[in-house]
Amino acid sequence: MASNTLRKRKIAVLGSRSVGKSSLVIQFIENHFVEPYFPTIESTFSKGVVYKGVEYDCDIIDTAGQDEYSILSSKHAIGIHGYVLVYSVASRRSFDMIQIVYDKIADFCGKNDIPCVIVGSKTDLQSRQVPPSEGEELAKLNKAAWVETSAKNNVNVGKVFELCLAEIEKRSASSQTDQPEAGRCLIM
Ligand SMILES: Nc1nc2c(ncn2[C@@H]2O[C@H](COP(=O)(O)OP(=O)(O)OP(=O)(O)O)[C@@H](O)[C@H]2O)c(=O)[nH]1
């Protein structure tokens, strides 16, 4: 397989509405913060990310906000290598959505170990409802990475995507494949 193919990674960013998914992605890709709120339909961004001295060509898919009734689109499972699941530290409800979204992905992929980083966003806000310990605990429970960020103050934004690559590479090193798990499904 060509090395270009080997280094292509697709990352989907999911979470409740208005938790700051687009702001996180735009801060990462374009290095600025977007104050006004524009609900996302779906956008894909590309960026080269160096992780452990290797450059990965990352497609980052910024999705529309989910709620408990949203059906996981196959576009957000098939061909995806890793996930960024975002909640706002100022919204308990958005935190509760993380396990729901994680379980939907796990169900779709037919496995319970998803390469994923759980992100507590908007740490610059004073109105915190979710302590760091709960975020860490949830991540541990799901064998995911965890980090808190502020897209507004550009805190830990790059780290989110490094952690996501680390989770992807950890698993692909053990399975010796670059195909995302769900990408191997056969549709009959
Ligand atoms: N204070 C603060 N506000 C933020 C931060 N990140 C995003 N916001 C604000 O939160 C609102 C929603 O941000 P978006 O990035 O559009 O949220 P989203 O999750 O993409 O929203 P949907 O597209 O509806 O799913 C906007 O007004 C942002 O300016 C942050 O780190 N700190």
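Scope of the values below: all heavy atoms of this structure, side chains included, with no hydrogens, waters or symmetry mates. Whatever order the structure lists them in is the order used to number ligands and atoms, beginning at 1.
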Identify, by atom number and element, the atoms of ligand 1 in contact range of K152, meaning under 4.0 Å from any of its heavy atoms.
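Here the atoms of ligand 1 in question are 1 (N), 30 (C), 31 (O), 32 (N).
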Report yes if some N/O of G20 lies less than 3.5 Å from some N/O of ligand 1; otherwise report no.
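For ligand 1, there is an N or O atom that lies under 3.5 Å from one belonging to G20.
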Give the residue, atom name and distance (to 0.1 Å) of the protein heavy atom nearest atom 31 (O) of ligand 1.
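Its nearest protein heavy-atom neighbour is A151 N, 2.9 Å.
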Using the ring of each side chain (for Trp, its six-membered ring), is F95 parallel, tilted or perpendicular to Y87, with breaks at 30° and 60°?
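F95 and Y87: perpendicular rings.
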Roughly how far, to the nearest 0.5 Å, is CZ of F33 from OG of S150?
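Answer rounded to 0.5 Å: 7.0 Å.
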Looking only at protein heavy atoms, which one is nearest to atom 32 (N) of ligand 1, and how far off is it?
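Of every protein heavy atom, D124 OD1, 2.7 Å lies nearest to atom 32 (N) of ligand 1.
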Compare S18, S22, S94 and give the one whose heavy atom is closest to atom 20 (O) of ligand 1.
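Nearest heavy atom to atom 20 (O) of ligand 1 lies in S22.
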Which atoms of ligand 1 are found less than 4.0 Å from any heavy atom of G65?
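Near G65, the atoms of ligand 1 are 25 (O).
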State whether the shortest distance between N or O atoms of L24 and N or O atoms of ligand 1 falls below 3.5 angstrom.
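No: no nitrogen or oxygen of L24 is under 3.5 Å from one in ligand 1.
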Write out the residue and atom name of the closest protein heavy atom to atom 24 (O) of ligand 1, then the distance separating them to 0.1 Å.
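Residue, atom and distance for the closest contact: Y37 OH, 2.5 Å.
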If you measure every N/O of F33 against every N/O of ligand 1, is any gap under 3.5 Å?
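It does not: no N or O of F33 is found under 3.5 Å from an N or O of ligand 1.
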Specify the protein heavy atom at minimum distance from atom 26 (C) of ligand 1: its residue, its atom name, and the distance to 0.1 Å.
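For atom 26 (C) of ligand 1, the nearest protein heavy atom is E35 O, 3.6 Å.
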Atom 15 (O) of ligand 1: the protein heavy-atom neighbour that sits closest, reported with distance to 0.1 Å:
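Heavy-atom neighbour on the protein nearest atom 15 (O) of ligand 1: S23 OG, 2.6 Å.
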Backbone or side-chain N or O of T63 under 3.5 Å from ligand 1 N or O:
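No; the residue has no nitrogen or oxygen that sits under 3.5 Å from a nitrogen or oxygen of the ligand.
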Of the listed options (E42, R17, K21), which comes nearest to atom 18 (P) of ligand 1 when hydrogens are ignored and any heavy atom counts?
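Selected option, by shortest heavy-atom distance: K21.
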